[in-house]
Amino acid sequence: KTVIKTTDIAKAYQMGSETIRALKSVSIEIKQGEYVSFMGPSGSGKSTLMNMIGCLDTPSGGQYILNGNDVSDMTENELAEVRNKEIGFVFQTFNLLPRASSLENVALPLIYAGYSKAEREEKALAALAGVGLAERCHHKPNELSGGQRQRVAIARALVNDPSIILADEPTGNLDTKTSYDIMDLFAQLHDKGNTIIMVTHEDDIAEYSHRIVRLRDGLIEKDVVNENPTRIN
Ligand code: ADP
Ligand code: ADP
C-alpha cells in the first residue's frame with residue numbers, strides 16, 4: 001500500500017527579489033512499512049521536502065497524495081487535521097514542554113483527538129512503556145538524559161498511531177552510543193510495521209534504514225535500496 005506519492009513537487013521561496021527553488025521537481029513513492037533516509041548536503045532541500053511530506057507546508061507546484069488524499073492544495077486548518085491524524089514528528093532538539101512530565105508530554109497529541117483524561121493517561125503510559133520509559137513517566141525533561149528525552153519524544157510521535165513517523169536529524173544532539181540506541185529503537189518500530197522517514201547527514205545512521213534517497217539542489221540525485229541495513233546489536 002502506497003502511503004506517500006509526490007509527483008513533480010516543487011517549492012520556491014521568495015527572498016526579496018530573489019526566488020529560491022528549494023525543491024525543483026521531486027517525485028517519490030513510499031509504501032507502508034518502509035524505512036527511508038533522506039541525505040544530501042546542507043541546502044539540498046531535505047527540510048523542505050520533510051515539511052511537505054509532514055503537511056507543515058504545501059508545495060508551490062506538483063501533487064502530493066497522502067494515504068489516497070490529495071493534500072497539495074489544502075488550507076492551513078485541513079493540513080493541521082491531517083497532520084494530527086497521520087504524522088508523528090521526531091526532532092533533533094526533542095521539542096518537549098519543559099514544565100510538563102513525560103506522561104503529560106506524550107499525552108499532548110491526544111488532547112486534539114478528543115480522548116478523556118483517563119484514556120489519554122492510559123495511552124500515554126502504554127506509549128512510554130513501548131520505549132522502555134514507563135518508570136520515568138513523572139519525570140520532567142530536565143530530569144532525563146538526552147537519549148531518554150528522545151525516547152519520550154518518540155513515544156509522543158507514536159501515541160496517536162500515525163501512518164508515518166518523520167524524524168529530522170533524530171540523533172543530531174546525541175552522543176554516538178545513545179544515537180545507536182535510538183536507531184535500535186527505530187529498527188524495532190520498523191519491525192513492528194511502522195513507516196519511518198528520517199533526515200540524517202551521518203552515513204552510519206542512514207545505514208540503519210532500508211532505502212537511502214539523496215537530494216542535491218532540490219532534486220533527487222539517487223534513490224537506492226540498502227541491501228544490508230545495520231541490525232540491532
Ligand atoms: P536542507 O534541509 O537540505 O539543509 P532546506 O530545505 O532547509 O535544505 O533548504 C533548501 C534551500 O531553501 C536553501 O537554499 C534554504 O536556504 C532555502 N530555504 C529553506 N526554507 C526557506 C524559507 N522558509 N525561506 C527562504 N528560503 C528557504
Ligand atoms: P535542518 O537543520 O533540519 O537542516 P535548517 O537549518 O535547514 O534545518 O532549517 C530550519 C528551518 O528554517 C526549516 O523549517 C527551514 O524551512 C527554515 N529555513 C531554512 N533556510 C531558511 C532561510 N534561508 N530563510 C528562512 N527560513 C529558512
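Read the numbers this way: they start at 1 and go in the same order the structure lists the ligands and their atoms.
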The side-chain contact (heavy atoms from CB on, under 4.5 Å) partner of L103 among L133, L128, V152, L108 is L128
Item to check | N/O separation below 3.5 Å, M15 to ligand 1 | outcome: no
* Does P41 come within less than 4.0 angstrom of ligand 1, counting non-hydrogen atoms of the residue? -> yes
Next item on the list: Is it possible for you to check whether K123 lies under 6.0 Å from the centre of the six-membered ring of Y115, through NZ or CZ, and within 45° of that ring's axis?
Entry: yes
Residue pairs meeting side chain to side chain donor-acceptor pair (under 3.5 Å), one or both in residues 212-223, sequence neighbours left out, come to R211-D223, R216-E221
Heavy-atom proximity to atom 7 (O) of ligand 1, picking from A22, S47, G40, S42, points to S47
Check your understanding: Less than 3.5 Å between some nitrogen or oxygen of I20 and one of ligand 1, yes or no?
Key -> no
Salt bridge (charged side-chain N to carboxylate O under 4.0 Å, His left out) pairs touching residues 141-158, sequence neighbours excluded, are none
